[in-house]
Amino acid sequence: MASFHGNQTTSSTTTLTHSPIYHSIILAGPRLKPLQQIHARIIITGLGRTRSLITKLLSFAYAAASPISYTRSLFFSIPKPDTFLFHSLITLTSKFSFPQESLLYYRRMLLANISSSNYTFSAVIKSSADLMAFSIGETIHCHVYICGYGLDAYVQAALVSFYAKSGRVMIARKVFDKMPDKTVVAWNSMISGYEQNGFGKEAIELFYLMQYLGVKPDSSTFVSLLSACAQVGAIGLGCWVHEYIARNCFDLNVVLGTALMNMYSRCGNVSKAREVFDSVEEKNIVAWTAMISGYGMHGHGSQAIELFNEMSFDGPRPNNVTFVAILSACAHAGLVDEGRQIFTTMKQEYGLVPSVEHQVCMVDMLGRAGHLNEAYQFVKNISPKEPAPAVWTAMLGACKMHKNFDLGVEVAEHLLSIEPENPGHYVMLSNIYALAGRMDRVEKVRNIMIRNRSKKEVGYSTIDVDHKVYLFSMGDKSHPKTNQIYLYLDELMSRCREAGYIPASESVMHEVEEEEREYALRYHSEKLAIAFGLLKTGPGVAIRIVKNLRMCEDCHTAIKYISIIANREINVRDRLRFHHFKDGSCSCQDYW
DNA sequence: CAGGACTTAG
């Protein structure tokens with residue numbers, strides 16, 4: 001056997017690649033059943049331990065997404081796995097998303113004293129990223145150095161993407177900067193790395209750098225770039241991308257099309273999103289879901305339902321994400337009966353098990369519409385597991401909205417007992433106490449928060465003016481025109497007050513920190529961005545703002561007044577949906 | 001013997 005090892009691959013392929021059995025494997029392709037039948041034949045004919053045949057069989061088995069138990073047994077039936085086998089298994093498993101298998105083979109390969117190549121390294125780095133096995137990835141990064149592949153373009157691009165996926169964008173950028181030859185893929189990895197970590201602005205800036213250096217973008221670049229545009233509301237650049245891909249005859253495939261649709265919906269133009277949707281040839285479930293969610297975001301519940309029905313009729317099968325989208329569309333449009341119906345359909349006709357997200361949608365939908373008892377009943381009926389904190393949070397939101405303080409306090413206290421480390425719950429509890437007039441308790445909760453140094457997520461708003469994105473956070477003074485902006489905002493707000501706007505009282509503010517309270521009222525990031533936008537654009541130009549958190553009541557009211565005072569259309573996208581302000585009212589009809 | 005980056009919800 002030992003003498004067989006080594007040269008055997010070449011000698012056997014010459015004979016076996018022409019053998020009928022090898023041919024039948026090729027014919028079977030990536031289909032599990034036929035492959036298993038051939039496997040049986042191989043065993044019967046006594047070739048069951050022939051490496052080349054089993055290797056080919058295994059590669060198709062992975063492409064066919066076969067059960068791990070089967071592929072493992074195939075692997076273990078091979079007496080002396082060689083370099084070729086390991087390399088193909090590692091690249092295949094990583095490509096077909098069996099990351100744990102990929103790492104397992106890597107380990108066995110190391111144990112067998114077989115060295116890695118740039119092919120295997122880039123594959124196992126991707127697998128570590130997919131598995132979120134961050135320390136393993138770092139270890140492999142060390143192996144890469146030791147084995148001298150530190151400058152391989154494929155390996156480096158994989159590392160960029162690995163560090164980005166593990167949330168360490170700075171390190172990703174460091175690896176990227178060190179690359180001597182930056183391939184398009186490397187640029188794409190870095191751009192998408194920024195985008196996926198919420199750094200849309202940086203993603204866009206990197207794209208501009210890429211343009212400046214004359215690197216030709218491809219369809220992947222645009223997919224990530226469009227996501228970044230969607231994130232920060234950069235409609236100017238988004239439209240430019242659309243024109244660019246049309247002018248350069250890019251194939252509008254589903255992925256690019258969906259990214260484009262998503263950009264348009266999230267930048268405020270649903271009808272344009274629909275145009276793109278209609279022009280995409282092979283729509284998959286992701287494209288349909290994106291369109292449904294686009295309608296939902298804009299409060300167009302009935303259009304969302306219409307599209308959903310159309311899809312059930314002759315479209316792909318809806319998945320969990322689709323149901324989150326459609327249920328949340330119902331919630332934001334107040335379509336309670338339809339939502340209940342769809343929830344039932346989801347379980348009965350599609351056999352899907354509602355997840356936490358769906359439960360949140362239902363509680364939110366019932367709660368918003370004022371069916372507090374039904375919502376509470378729904379929460380209590382959740383079994384077999386205890387309802388998730390997110391579900392209770394939705395319930396709490398409903399209590400607050402409909403001013404049911406007794407239930408609200410009960411829910412908030414329960415929430416704190418199951419998730420004491422979440423600062424958001426303290427803020428909610430403190431707000432509920434404040435609304436109920438229990439100022440003694442408000443102070444108590446705030447003190448706990450200050451003691452714990454709890455900080456909630458920092459809010460910011462972005463605005464796109466002349467193809468450039470500006471970012472504002474609360475009380476922000478980093479902008480060169482700061483004084484002018486603040487002065488203008490103050491003037492604007494006093495004119496709003498003259499027109500009847502009453503600022504929310506301090507006790508209902510979401511902020512807890514002392515220094516934040518001072519700025520809280522007037523200088524929420526969306527107000528700053530709007531003031532900036534009004535200053536920078538001419539009359540009649542609509543203002544588009546994107547906010548990372550949900551809008552507060554006070555801003556919502558204030559912006560309605562601003563739309564009258566400044567005589568402008570103002571569109572604000574908050575974390576969940578759009579608000580189109582015009583002539584003193586909002587498209588959400590105060591239902592959000 | 002062979003490869004990567006990318007779209008939907010909250």
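Just so it is clear: chains get the letters A, B, ... in the order the sequence lines come, proteins before strands, and each one is counted from 1.
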Student: At 4.0 Å (heavy atoms only), tell me whether A:Gln359 reaches a base, stays on the sugar-phosphate, or touches nothing.
Tutor: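 Contact class for A:Gln359: none.
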Student: Have a look at A:Asn118 and say if it touches a base, only the backbone sugar-phosphate, or nothing, with a 4.0 Å heavy-atom cut-off.
Tutor: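 Base, at least one base atom sits under 4.0 Å.
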Student: Under 4.0 Å between any heavy atoms, over every strand shown, what does A:Asn319 touch: base, sugar-phosphate, or nothing? Just pick one.
Tutor: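 Answer is nothing: A:Asn319 stays at 4.0 Å or more from every strand.
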Student: How long is the span from the CZ atom in A:Phe222 to the CH2 atom in A:Trp240, to the nearest 0.5 Å?
Tutor: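 Taking CZ in A:Phe222 and CH2 in A:Trp240, the distance rounds to 5.0 Å.
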Student: Under 4.0 angstrom, heavy atoms only, what part of the nucleic acid is A:Leu576 near: base, sugar-phosphate, or nothing?
Tutor: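 Sugar-phosphate, no base atom in range.
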Student: Begin from the C-alpha positions of A:Met132 and A:Lys165 and carry the test side-chain contact (heavy atoms from CB on, under 4.5 Å) through to its verdict.
Tutor: CA-CA 8 Å; A:Met132 307 216 285; A:Lys165 275 191 191 132; over 6 Å; no
Student: Within a 6.0 Å radius of atom CG on A:Asp177, are there more than 12 heavy atoms belonging to other residues, nucleotides or ligands?
Tutor: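 Correct, the count exceeds 12.
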Student: With sequence neighbours left out, write down each residue that passes side-chain hydrogen bond (donor to acceptor under 3.5 Å, both in side chains) with A:Asn269, or none if nothing qualifies.
Tutor: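 Expected list: A:Ser271.
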Student: Looking at A:Asp574 and A:Arg550, is any side-chain nitrogen of the basic one under 4.0 Å from a carboxylate oxygen of the acidic one?
Tutor: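 So A:Arg550 pairs with A:Asp574 through a salt bridge.
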Student: Heavy atoms under 4.0 Å, any strand shown: does A:Ala157 hit a base, just sugar-phosphate, or nothing?
Tutor: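 Base, at least one base heavy atom under 4.0 Å.
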Student: Using a cut-off of strictly less than 4.0 Å between a heavy atom of the residue and any atom of DNA chain B, enumerate the qualifying residues of residues 270-300 of chain A by number.
Tutor: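 Within this stretch, A:Val286, A:Thr289, A:Ala290, A:Ser293 sit under 4.0 Å of the strand.
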Student: How is A:Ser227 classified with respect to the nucleic acid when contacts are heavy atoms under 4.0 Å: base, sugar-phosphate, or nothing?
Tutor: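 If one applies the 4.0 Å heavy-atom cut-off, A:Ser227 turns out to touch the sugar-phosphate alone, with no base involved.
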Student: Chain A on DNA chain B: first and last contacting nucleotide, 5' to 3', under 4.0 Å to a heavy atom?
Tutor: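 Listed 5' to 3', the contact boundaries are B:dC1 to B:dG10.
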Student: Which of these, A:Tyr295, A:Phe277, A:Phe313, sits in a ring-ring contact (aromatic ring centres under 6.0 Å, His included) with A:Trp288?
Tutor: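 Going through A:Tyr295, A:Phe277, A:Phe313 one by one, the ring-ring contact (aromatic ring centres under 6.0 Å, His included) with A:Trp288 is satisfied by A:Phe277 alone.
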Student: Check every strand shown and say whether A:Ser192 touches a base, only sugar-phosphate, or nothing at a heavy-atom separation below 4.0 Å.
Tutor: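 Sugar-phosphate only.
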Student: Regarding A:Asn309 and A:Ser312, is there a side-chain donor-to-acceptor distance under 3.5 Å anywhere?
Tutor: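 On atom types as modelled, these side chains do not qualify, holding no pair under 3.5 Å.
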Student: Locate the shortest heavy-atom distance separating A:Ile125 from A:Ile140; write the atom from each residue and the value.
Tutor: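 So the minimum-distance heavy-atom pair works out to CG1-CG2, 3.8 Å.
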Student: Does the side chain of A:Ser127 come under 3.5 Å of the side chain of A:Asp130 through a donor N or O and an acceptor N or O?
Tutor: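 Result is no, nothing qualifies.
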Student: Within the 4.0 Å heavy-atom criterion, would you say A:Val321 contacts the bases, only the backbone, or no part of the nucleic acid?
Tutor: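 The residue A:Val321 makes base contact.
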Student: How would you label the contact of A:Ser122 with the nucleic acid (heavy atoms, under 4.0 Å): base, sugar-phosphate, or nothing?
Tutor: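 It contacts base atoms.
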Student: Need one value for A:Val184: base, sugar-phosphate or nothing, where a base atom within 4.0 Å counts as base even if backbone is also close, heavy atoms only.
Tutor: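 Since no nucleic acid heavy atom lies under 4.0 Å of A:Val184, the category is nothing.
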